[in-house]
Engineer: 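Handing you this structure, nothing more for now.
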Amino acid sequence: MTDRIITLRGQSPTAKTYRIDYAGLLNPAQLAAVTHRDGPILVVAGAGSGKTRTLIYRAARLIESGVAPESILLLTFTRRAAQEMLRRVEGLLGDGARGIAGGTFHSFANTVLRRYSNAIGIKPNFTILDRADMEDVINLVRTRSGLVTRDRRFPKKSAIAGLISMARNKRRTIADEIDIDYPHLAEHLAELIQLAAGYDGYKKERGLLDYDDLLDRLTELLDRHEPVRLKLGAAYRYVMVDEYQDTNAVQAELVRQLGREHGNVMAVGDDAQSIYSFRGANFRNIMDFPALFPGARIIKLEENYRSVQGILNVANEVINGAAEKYTKALFTRREGGVSPLLVRAGDEHMQSRFVAQRILDLREEGIELEEIAVLFRSGFHSFDLELELQRCDIPFIKRGGFKFVETAHIKDVLAHLRVVANPADAVSWLRVLMLVPGVGHRTAERAIDGIVEAADPAAAITSALAAPGDRRAGAASRLADLMTALRAKGITPARQVGLVMEYYAPILRDAYPDDYPRRQRDLDHFQTITERYRSLESMLTEMALEPPADSLGGVLATDSDEAVLTLSTIHSAKGLEWRVVFLIWVADGRFPAPQGVEPEEIEEERRLMYVAATRARDELYFVYPIYMFDRAVGYTMGQPSRFLDSLNPETLPTAALEESDDTSEG
DNA sequence: TACAAGTAAGTTTTT
DNA sequence: CTTACTTGTA
């Protein structure tokens with residue numbers, strides 16, 4: 001009799017065994033990326049090539065190798081992507097995966113900055129400005145400094161905000177940025193420089209940080225305070241960055257700083273899917289990764305597991321029409337399926353009817369609404385379709401485009417809460433005060449300084465606006481009472497929202513006599529959402545960094561388990577996939593969007609169409625209307641998008657719609 | 001002087 | 001639909 005052999009695990013690296021059969025579950029390229037342990041690595045991953053899968057298995061592999069989950073940092077572009085990833089790692093490893101740090105660049109920056117705020121002289125209770133807030137501040141600074149109000153040609157606040165933000169994302173001075181990207185604003189150079197400086201000063205003074213500040217100040221913190229950098233480097237031994245092609249110069253620098261001590265940085269991305277240059281991203285960044293981390297290993301994932309060959313052919317032919325050649329060629333082993341189709345509709349409404357009808361048929365065929373998406377270039381492209389879907393009782397959720405937290409009524413409510421969290425937030429005070437009947441910007445601006453300085457804002461409001469005999473006394477004292485109530489100890493954020501809504505309801509009715517019920521419904525849903533927050537600060541931060549963006553029938557959506565169709569801008573659909581995808585408004589003048597004229601902008605639109613096509617697994621429909629309405633020129637004849645010009649007719653067959661003679665059919 | 005109401009023009013994509 | 005400027009009113 002021979003003895004049984006019992007293996008002792010975990011003593012030597014060679015004897016290491018893993019619960020997960022990595023070699024059996026991954027292809028050789030994925031396996032190479034997943035088992036890569038130390039040192040920089042760049043994974044160039046084509047659409048549908050298992051990019052997310054690779055990230056998840058790498059995280060699992062690290063943890064199984066003894067790396068503590070807390071020392072893994074996963075940076076993604078959306079919180080949704082981060083959560084999805086953490087969920088899937090937990091699916092693999094169970095509780096062993098708990099504790100992985102992750103989030104967007106901005107939310108990570110927020111967390112670190114609040115902890116180390118004193119090191120770079122910012123207040124820990126800083127307020128985050130979203131784009132609309134930024135524009136409000138710019139306007140305020142502009143009027144205060146007496147800068148150009150008469151000149152009609154002076155750029156609007158949104159253009160100024162775009163300029164300032166772009167300069168910072170590309171790490172340029174205002175002068176350089178105007179020179180390179182905004183030459184038409186050159187005549188206002190001096191004022192714009194002054195305005196940008198005023199804007200910066202104002203934020204510093206008031207404890208305000210905009211999106212760009214979050215990244216910039218974190219970079220500054222890491223740059224100037226070596227102990228902090230070393231601490232973070234030690235805390236996060238393994239850094240993984242998703243969608244690296246959409247990073248800009250600031251984010252690339254941040255990644256470099258975070259990985260400086262250990263070099264354990266994995267960047268994953270696809271240069272052909274770079275669609276955020278308007279935010280300062282440059283798809284060439286991904287090719288510069290080896291320059292950032294010399295000696296970086298490069299792995300390409302080129303096998304597509306998502307789409308059938310017919311869909312991949314469309315995607316490949318679209319991207320092959322690009323002036324710039326990208327780094328990979330996708331292939332798949334998924335043969336068969338239905339051929340993609342280019343559908344020509346008479347007008348926009350026929351386009352909508354076709355999509356709705358086909359979706360109903362798909363449901364008959366057993367395809368759930370959850371497995372279907374309708375994608376489009378711009379948020380407003382789906383308006384007509386939304387009406388048609390409602391008519392057909394097809395439930396849907398819309399992502400992207402319009403944002404609820406940027407609507408006036410939600411911003412109004414939030415402003416009342418923001419002044420509680422940060423009494424120095426003068427822009428929010430301005431908004432709050434101007435809502436008081438009888439108070440305009442003049443009165444508000446005069447009252448602000450006193451209120452900001454005051455230990456008790458309620459008393460300051462009373463003394464500024466509610467003098468005896470003042471016609472605004474009643475309204476002002478209601479505001480003062482509200483402020484006192486909001487500052488009560490132990491009050492929950494949801495209760496605070498409730499108090500503000502009580503105060504705000506009559507103002508809402510007054511300001512929007514035509515559609516206040518709809519806005520009121522929004523606010524009710526908004527209050528439901530706020531139930532889950534424990535602190536006002538965390539709520540306000542999340543509203544700025546990850547605002548609720550989904551809408552149901554034009555109203556803010558709350559979490560629901562109902563199976564629904566997805567409508568989405570292509571930008572918001574990134575990284576996601578569906579069995580069936582419709583792409584509507586595939587017409588020149590809509591896609592590419594008419595605003596882009598530079599060759600580089602057109603190239604990005606082409607990549608955008610590539611992203612759209614590669615979202616589909618089994619069926620793909622491109623739809624466009626012949627009769628298009630344009631406000632500028634009236635009705636015009638629609639042409640298919642120019643990106644389809646070079647396509648082989650066999651790759652994308654066409655179909656036309658006709659009305660049924662039989663009135664009993666659609 | 002300051003507020004409110006009314007008019008005319010421009011409207012991509014997101015943290 | 002929102003922004004920015006113009007006109008009307010207290």
Side-chain angles (χ1 to χ4, degrees), chain A residues 75-82 103-110 128-136 139 142-143 149-159 162 165-166 168-169 209-215 243 246-248 250-251 274-281 375-381 383 399-403 405-408 411 434 436-446 471-472 510-515 519 541-547 549 554 568-574 585 589-596 601 604-605 607-609 611-612 630-632:
Chain A
L75 293 172
T76 58
F77 271 70
T78 62
R79 169 105 94 230
R80 193 177 267 134
T104 62
F105 277 94
H106 292 85
S107 65
F108 175 69
N110 171 65
I128 298 171
L129 301 179
D130 66 21
R131 183 53 172 264
D133 300 325
M134 178 183 182
E135 293 179 4
D136 287 347
N139 245 9
R142 197 180 92 162
T143 48
T149 44
R150 296 270 151 71
D151 190 343
R152 188 171 296 216
R153 285 173 308 171
F154 198 74
K156 294 206 290 195
K157 60 180 182 177
S158 63
S165 182
M166 191 61 94
R168 297 183 63 196
N169 279 300
L209 268 70
D210 65 22
Y211 290 140
D212 305 324
D213 287 323
L214 287 172
L215 302 185
E243 308 280 14
D246 289 324
T247 53
N248 57 36
V250 181
Q251 286 157 331
S274 166
I275 53 176
Y276 280 101
S277 71
F278 66 90
R279 201 167 69 186
L375 307 183
F376 30 85
R377 172 66 183 86
S378 311
F380 69 90
H381 289 172
F383 288 168
R399 286 179 177 171
F402 182 78
K403 284 198 213 54
V405 289
E406 291 188 4
T407 54
K411 290 216 77 136
M434 300 234 304
V436 176
V439 176
H441 68 273
R442 220 54 203 239
T443 312
E445 268 174 46
R446 238 174 322 180
R471 65 198 157 86
R472 303 167 298 211
D510 237 39
Y512 306 99
D514 297 331
D515 69 341
R519 291 174 192 258
T541 299
E542 191 159 319
M543 287 301 154
L545 293 180
E546 273 303 319
S568 176
T569 60
I570 300 169
H571 284 89
S572 296
K574 189 140 112 100
W585 280 115
R590 301 290 152 113
F591 199 167
Q595 288 81 5
E601 294 174 303
E604 177 150 313
E605 300 276 316
R607 293 193 294 271
L608 199 53
M609 182 169 285
V611 170
D630 251 302
R631 213 172 284 186

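Protein chains get the first letters and strands the later ones, always in sequence-line order, with residue 1 at the start of each.
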Engineer: Could you check whether any side-chain heavy atom of A/Arg399 comes within less than 4.5 Å of a side-chain heavy atom of A/Thr569, counting everything from C-beta outward?
Structural biologist: no
Engineer: If the cut-off is 4.0 Å, is A/Thr569 near the phosphate of B/dT14, judged by side-chain N/O to OP1 or OP2?
Structural biologist: yes
Engineer: Out of C/dT3, B/dT14, B/dT15, which has the shortest distance to the side chain of A/His571?
Structural biologist: B/dT14
Engineer: Quick one: does A/Arg377 reach the base of B/dT13 with a side-chain donor-acceptor pair under 3.5 Å?
Structural biologist: yes
Engineer: Assuming nearest nucleotide by heavy-atom distance, tell me which of A/Ala593 and A/Arg446 is located more 5' along DNA chain B.
Structural biologist: A/Arg446
Engineer: Among C/dT2, B/dT14, C/dA4, find the nucleotide with the atom closest to the side chain of A/Arg279.
Structural biologist: B/dT14
Engineer: How is A/Tyr276 classified with respect to the nucleic acid when contacts are heavy atoms under 4.0 Å: base, sugar-phosphate, or nothing?
Structural biologist: sugar-phosphate
Engineer: Would you check if A/Met543 and A/Lys411 make a side-chain contact, meaning some heavy-atom pair closer than 4.5 Å?
Structural biologist: no
Engineer: How about A/Arg168 and A/Val250: do any of their side-chain heavy atoms sit closer than 4.5 Å?
Structural biologist: no
Engineer: Report the distance from atom CG of A/Asp210 to atom P of B/dT15, rounded to the nearest whole Å.
Structural biologist: 15 Å
Engineer: Taking the side chain of A/Tyr211 as its heavy atoms from C-beta onward, which of C/dT3, B/dT15, B/dT11 lies nearest to it?
Structural biologist: B/dT15
Engineer: Rounded to the nearest angstrom, tell me the gap between atom NZ in A/Lys574 and atom P in B/dT15.
Structural biologist: 11 Å
Engineer: For A/Arg442, which contact category applies under a 4.0 Å heavy-atom criterion: base, sugar-phosphate, or nothing?
Structural biologist: sugar-phosphate
Engineer: Just how far, in rounded Å, is P of B/dG10 from CD of A/Glu135?
Structural biologist: 17 Å
Engineer: For A/Arg131 and A/Glu601, find the nucleotide of DNA chain B closest to each by heavy atoms; which residue's nucleotide sits nearer the 5' end?
Structural biologist: A/Glu601
Engineer: Between C/dA4 atom P and A/Arg142 atom CZ, what is the distance in whole Å?
Structural biologist: 7 Å
Engineer: If stacking means aromatic ring centre less than 5.5 angstrom from the base's six-membered ring centre, planes under 30°, is A/Phe278 stacked on B/dT13?
Structural biologist: yes
Engineer: What nucleic acid atoms does A/Phe77 come within less than 4.0 Å of, heavy atoms only: base, sugar-phosphate, or nothing?
Structural biologist: sugar-phosphate
Engineer: Is any side-chain heavy atom of A/Val611 closer than 4.5 Å to one of A/Ile275?
Structural biologist: yes
Engineer: Nearest-Å distance, CZ (A/Phe380) to C1' (B/dG10)?
Structural biologist: 12 Å
Engineer: Counting Watson-Crick and G-U wobble pairs only, both distances under 3.5 Å, name the nucleotide matched with B/dT11, or none.
Structural biologist: none
Engineer: Of all the nucleotides listed (C/dA4, B/dT15, B/dT12), which has the minimum atom distance to the side chain of A/Thr104?
Structural biologist: B/dT15
Engineer: To the nearest 0.5 Å, what is the distance between OG on A/Ser277 and CD on A/Glu601?
Structural biologist: 7.0 Å
Engineer: Heavy atoms under 4.0 Å, any strand shown: does A/Asn139 hit a base, just sugar-phosphate, or nothing?
Structural biologist: sugar-phosphate
Engineer: Measure from CE on A/Met134 to C1' on B/dT14 and round the result to the nearest Å.
Structural biologist: 14 Å
Engineer: Between A/Glu605 and A/Arg377, does any NZ, NE, NH1 or NH2 come within less than 4.0 Å of an OD or OE carboxylate oxygen?
Structural biologist: yes
Engineer: Quick one: is B/dT13 close enough that its OP1 or OP2 comes under 4.0 Å of any side-chain N or O from A/Ser572?
Structural biologist: no
Engineer: Quickly work out the A/Ile275 CD1 to B/dT12 C1' distance and round it to whole Å.
Structural biologist: 12 Å
Engineer: What's the CG-P distance between A/Asp136 and C/dT2, to the nearest Å?
Structural biologist: 13 Å
